[in-house]
Amino acid sequence: DGMGGRAAISELLKINPRVPAIVCSGYSNDPVMADPAAYGFKARIPKPFTADDMLKTVAEILGKKT
C-alpha cells in the first residue's frame, strides 16, 4: 500500500527536475519500462539484474564510462 514508482518519480521531479532516477521492474509489459523517459526516468533496468548491470546503468546516466 506504499507509493509506487510513478508516484515516487512525480514527487522527486518536483524537488529536482534533473533527478537521475532509474526504474526497475520484473514486469516487461509495464508502460513505464517501455518508455521510461515519458515518466521522468533516465534509464530502465529489467529484473533480475546483476550488480554489474546496475553499475553500468548508473555510470551511463551519470555520464561516466565503465
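Looking only at distances, no side-chain donor or acceptor of S10 sits under 3.5 Å from a matching main-chain atom of R6.
In this structure, NZ on K42 lies 14.5 Å from CD on E60, to the nearest 0.5 angstrom.
With sequence neighbours left out, the side chain to side chain donor-acceptor pair (under 3.5 Å) criterion links D35 to no other residue.
The cluster map of Ile, Leu, Val, Met, Phe, Trp and Tyr, joined by side-chain heavy atoms under 4.5 Å apart, puts Y27 and F49 in different clusters. A single hydrophobic cluster is not seen to contain both I15 and I22; linkage of ILVMFWY side chains at heavy-atom distances under 4.5 Å, directly or through other members, places them apart.
The minimum heavy-atom distance linking C24 with K47 is given by the pair SG-CE, 4.1 Å. Smallest separation of non-hydrogen atoms from P20 and I61: O-CD1, 3.3 Å. Heavy-atom minimum distance, A43 versus P36: O-CB, 4.1 Å.
V19 belongs to a hydrophobic cluster with I9, L12, L13, V23, V32, M33, Y39, F41, counting contacts under 4.5 Å between side-chain heavy atoms of Ile, Leu, Val, Met, Phe, Trp and Tyr, direct or through other members.
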